[in-house]
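In what follows, every heavy atom counts, from backbone to side chain, and hydrogens, waters and symmetry copies are set aside. In this chain, residues are counted from 1 in sequence order. Keep in mind that what you see is a predicted model, and the values were worked out from it rather than measured.
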Amino acid sequence: QVQLVESGGGLVQAGGSLRLSCTASGRTYGDYAIGWFRQVPGKEREGVACISTVTDSDGQTYYSDSVKGRFTISSDHTKKTAYLQMISLKAEDTAVYYCAGSNLGCSFSQYSMSDWGKGSLVTVSL
């Protein structure tokens, strides 16, 4: 059983930046991938970034087209923590952001991730 605890989020003006953190605890066997998803009411959860492992130092990173160049995912394997640095935020980035983990590698499909954090609200004001 893996627990994911998120921190960060909040209210920011358009053009500003925020950083989200997600720490994994419990039994993570081998490479443990962490991805960030976001959801707005009435829409499916959208995968935006993923790092292939937070349990080793050589994780590969992946981004959706909607955030590429503005969001950066990174990790500290000594803390089993993933970070999502978000810059140049837009109003359309407003959503609840969830981190999700899996031992099966990165995926932008919510159905492929086995563990979930509780979510952090990010609100970008105009």
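Rounding to the nearest 0.5 angstrom, the gap separating the OG atom in Ser114 from the CG atom in Leu104 is 7.0 Å. Note that the NZ atom of Lys80 and the NE2 atom of His77 stand 11.5 Å from one another [nearest 0.5 Å]. Here the CZ atom belonging to Arg45 is positioned 5.5 Å from the CD atom belonging to Gln110, to the nearest 0.5 angstrom.
At distances below 3.5 Å, at least one donor-acceptor pair connects side-chain atoms of Thr53 with backbone N or O atoms of Thr55. Between the side chain of Glu6 and the main chain of Ser120, a donor-acceptor pair closer than 3.5 Å is present. In terms of modelled atom types and a separation under 3.5 Å, the side chain of Ser52 and the main chain of Gln60 share a donor-acceptor contact.
Residue Tyr29 shares its hydrophobic cluster (ILVMFWY side chains chained together at separations under 4.5 Å) with no other residue. Residues Phe37, Val96, Tyr98, Met113, Trp116 make up the rest of the hydrophobic cluster containing Leu121, defined by ILVMFWY side-chain heavy atoms closer than 4.5 Å, directly or through other members. Residue Leu18 is found in a hydrophobic cluster whose other members, listed by chain and number, are Val2, Leu4, Val12, Leu20, Tyr32, Ile34, Trp36, Val48, Ile51, Val54, Tyr63, Val67, Phe71, Ile73, Leu84, Met86, Leu89, Tyr97, Val122, Val124; membership requires side-chain heavy atoms under 4.5 Å apart, directly or through intermediates.
For the salt bridge (Lys or Arg N to Asp or Glu O under 4.0 Å) condition, no pair includes a residue of residues 7-34, sequence neighbours left out. Every pair passing salt bridge (Lys or Arg N to Asp or Glu O under 4.0 Å) that includes a residue from residues 62-79 is listed here, sequence neighbours excluded: Asp65-Lys68, Arg70-Asp93.
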**Report entry** Steps toward side chain to side chain contact (heavy atoms under 4.5 Å, CB included) verdict (Arg38, Ser66)
**Finding:** CA-CA 12 Å; Arg38 65 186 183 186; Ser66 60; 3.5 Å; yes
Report task. Determine, step by step, whether Ser64 and Phe108 satisfy the side chain to side chain contact (heavy atoms under 4.5 Å, CB included) criterion, reporting the C-alpha distance in whole Å, the side-chain angles of both residues, the deciding distance to 0.1 Å, and the verdict. Result -> CA-CA 8 Å; Ser64 69; Phe108 282 165; 4.3 Å; yes
Report task. Under the side chain to side chain contact (heavy atoms under 4.5 Å, CB included) rule, what do Ser74 and Gln85 come out as? Steps first, then yes or no, please. Result -> CA-CA 8 Å; Ser74 62; Gln85 180 68 50; over 6 Å; no
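Within a 6.0 Å radius of CD in Gln13, other residues, nucleotides and ligands contribute 12 heavy atoms or fewer.
Counting only heavy atoms from C-beta outward, the side chains of Cys22 and Thr81 never approach each other to under 4.5 Å.
With sequence neighbours excluded, no residue satisfies side chain to side chain donor-acceptor pair (under 3.5 Å) with Ser21.
Between Ala24 and Thr28, the closest heavy-atom pair is CB-CG2, 4.4 Å.
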